[in-house]
Amino acid sequence: MLRELRRRWRSYKYRFVPWLALNLRRQRRTLRYVPESSQDKIIADEDVFETLLKTFKALFINDLSRQADILALLPEVKCQYLELLSVEQKQSEVKSCNHQGHHVFSPEEVLFNTLGFTVSRDRSSLVSAGTGVFVTRGFVPRGTVVSMYPGTVYRKHEPIFFQSLGNPFIFRCIDGVLIDGNDKGLSRSVYRSCSRRDQLGPFQMSDESWLTATLQNPLAVGQYVNNCSHEKSANVCYQEFDVPGHFPVELKQYLPNIVYSHDIESHLRCVVLVTLRDIKQGEELFSNYYTVVS
């Protein structure tokens with residue numbers, strides 16, 4: 001009984017305001033300070049957009065054989081992707097002298113070929129921290145989008161009480177928007193329901209695969225990045241990003257976020273993790289769970 005209560009307290013205390021107030025001074029090294037909310041950007045939104053666009057296009061081209069229904073409705077877009085595929089195949093043939101058909105890679109291989117690294121979940125190097133996220137292959141330069149925080153996006157007035165009970169994966173943005181990154185229980189059911197609600201024919205408006213062990217978007221592991229400690233300093237930082245209205249509709253199937261209430265007037269909030277320094281293969285990612293706006 002006591003063991004279960006301790007376990008629940010460890011997951012809940014980070015949302016208990018009195019505990020936070022008492023412990024902020026002790027945890028100064030694990031805090032991140034920004035002068036004002038408008039300056040909470042490590043890289044420009046344009047750079048985040050270009051990285052996601054580049055990665056999602058590569059995933060789409062790699063999976064082109066399963067995109068027939070979408071491409072049939074977007075003839076101009078189809079021509080563009082066929083041209084990109086042709087260029088990619090020619091480059092591949094020059095490198096390998098292989099004139100066979102289009103080779104399909106795993107999403108992790110696509111990520112490596114596109115951005116030069118892969119990330120995945122594994123047991124954390126921190127004692128009792130559970131799952132963590134590691135750079136499993138390649139090299140990640142400073143100022144790179146290395147992961148995304150998946151989940152259902154809730155605005156301030158929207159109900160999240162029952163989903164939040166015993167849930168350590170609630171991320172609070174600076175403006176009060178919440179993202180529920182839990183891939184189990186009620187949170188899982190809510191995400192799937194909202195995702196299927198917003199599907200338009202063959203067009204998926206979000207990615208459900210982060211709820212499973214087989215990821216369609218290999219960046220969608222950010223909810224498992226652990227908080228830094230006195231021994232392990234932060235090497236990544238959360239950055240909020242609102243998906244612009246002109247984001248290609250065929251690529252939204254790779255966005256691991258969905259709004260709780262359908263509202264065509266609001267932009268989808270995403271949170272990406274950006275590297276604070278160069279990160280080598282084998283290193284675990286650590287973030288600051290607390291951002292203090294002064």
Checklist entry - Distance only, no hydrogens: is a donor on one side chain within 3.5 Å (strictly under) of an acceptor on the other, for Q216 and Q204? => result no
Practice problem: Kindly work out whether a path of hydrophobic side-chain contacts (I/L/V/M/F/W/Y, heavy atoms less than 4.5 Å apart) joins F112 to F139. | Solution: no
Separation between CD (E240) and CZ (R269), nearest 0.5 Å, reads 5.0 Å
In short, L273 meets G222 closest at the heavy-atom pair CD1-CA, 3.9 Å
For P218 and V119, the nearest pair of non-hydrogen atoms, with its separation, is O-CG2, 3.7 Å
pair E108-T136: side-chain heavy atoms closer than 4.5 Å = no
| message | Between D198 and S206, is the side chain to side chain contact (heavy atoms under 4.5 Å, CB included) condition met? List the steps. | response | CA-CA 8 Å; D198 289 355; S206 62; over 6 Å; no
On a heavy-atom basis, the closest approach of V243 and H267 is O-ND1, 3.2 Å
All heavy atoms of Y81 vs all of K57, minimum pair found to be OH-CG, 3.9 Å
- Message: Whether the side chain of T114 engages the backbone of V110 through a donor-acceptor N/O pair (distance < 3.5 Å, no angle test) should be reported.
- Response: yes
CD1 of I170 to CG of D180, rounded to nearest 0.5 Å, is 3.5 Å
Checklist line | Q239 side chain vs I43 backbone, donor-acceptor pair below 3.5 Å | finding: yes
- request: Please report the C-alpha distance between D278 and R142 in whole Å, then the side-chain angles of each, then the deciding distance to 0.1 Å, and finally whether the salt bridge (charged side-chain N to carboxylate O under 4.0 Å, His left out) criterion is met.
  value: CA-CA 5 Å; D278 294 346; R142 180 187 179 203; over 6 Å; no
Rounded to the nearest 0.5 angstrom, the CD-CZ distance for E284 and R123 is 11.5 Å
Apart from L126 itself, members of its ILVMFWY cluster (side-chain separation under 4.5 Å) are F286
For N288 and A234 the tightest heavy-atom approach is OD1-CB, 3.3 Å
Output for pair (F241 CZ, L268 CG), nearest 0.5 Å, gives 9.5 Å
Practice task
Any chance you could lay out the side chain to side chain contact (heavy atoms under 4.5 Å, CB included) test for Q223 and F171, step after step, and finish with the verdict?
Solution key: CA-CA 8 Å; Q223 79 276 37; F171 181 94; over 6 Å; no
Hey, mind stepping through N235 and T275 against side chain to side chain contact (heavy atoms under 4.5 Å, CB included) and telling me if it holds? CA-CA 6 Å; N235 52 19; T275 54; over 6 Å; no
inquiry  = Taking the side chain as everything from C-beta on, heavy atoms only, tell me whether L74 gets closer than 4.5 Å to F203.
reply    = yes
Problem - Polar side-chain atom of N226 near backbone of T131 as donor-acceptor pair, under 3.5 Å - result: yes
*asked:* Apply side chain to side chain contact (heavy atoms under 4.5 Å, CB included) to residues I279 and T144 and explain how you reach the verdict.
replied: CA-CA 10 Å; I279 301 178; T144 300; over 6 Å; no
For Y154 and Q163, run side chain to side chain donor-acceptor pair (under 3.5 Å): C-alpha distance rounded to whole Å, both residues' side-chain angles, the deciding distance at 0.1 Å, then the answer. CA-CA 11 Å; Y154 295 82; Q163 298 92 308; 2.8 Å; yes
- Task: Measure the shortest side-chain to side-chain distance between S187 and T152 over non-hydrogen atoms and say whether it is less than 4.5 angstrom.
- Result: no
query: Is there side-chain contact between L215 and P107, with heavy atoms separated by less than 4.5 Å?
result: no
Is K280 reaching over with its side chain to a backbone N or O of V135, donor-acceptor style, under 3.5 angstrom? no
Verify, without hydrogens or angle tests, whether N257 (side chain) and C270 (backbone) share a donor-acceptor contact under 3.5 angstrom. no
Common cluster, F162/L178, ILVMFWY with side-chain heavy-atom separation under 4.5 Å: yes
message: Could you tell me if the side chain of H262 sits less than 4.5 Å from the side chain of M205, heavy atoms only?
response: no
- Side chain proximity check, E109 to T118, heavy atoms < 4.5 angstrom: no
Quiz item: Do E283 and V140 touch side chain to side chain, with heavy atoms closer than 4.5 Å?
Solution: no
Please tabulate, for side-chain N and O atoms in residues 49-56, each donor-acceptor pair with protein atoms closer than 3.5 Å (sequence neighbours left out).
unit_1: T51; atom_1: OG1; unit_2: D47; atom_2: O; d: 3.0
unit_1: T55; atom_1: OG1; unit_2: T51; atom_2: O; d: 2.9

- Message: According to a hydrophobic-cluster definition based on side-chain heavy atoms being under 4.5 Å apart (Ile, Leu, Val, Met, Phe, Trp, Tyr only), do F134 and V221 belong together?
- Response: no
Distance col, row R197:CZ vs I258:CD1, nearest 0.5 angstrom, shows 6.0 Å
Separation between CZ (R155) and OG (S261), nearest 0.5 Å, reads 5.5 Å
Checklist entry - Going hydrophobic residue to hydrophobic residue with side-chain gaps under 4.5 angstrom, can you get from V145 over to Y224? => result yes
Tightest non-hydrogen contact, residues Y238 and V225, listed as OH-O, 4.1 Å
* Asked: Would a 4.5 Å heavy-atom cut-off, applied to side chains only, mark K252 and F247 as touching?
  -> yes
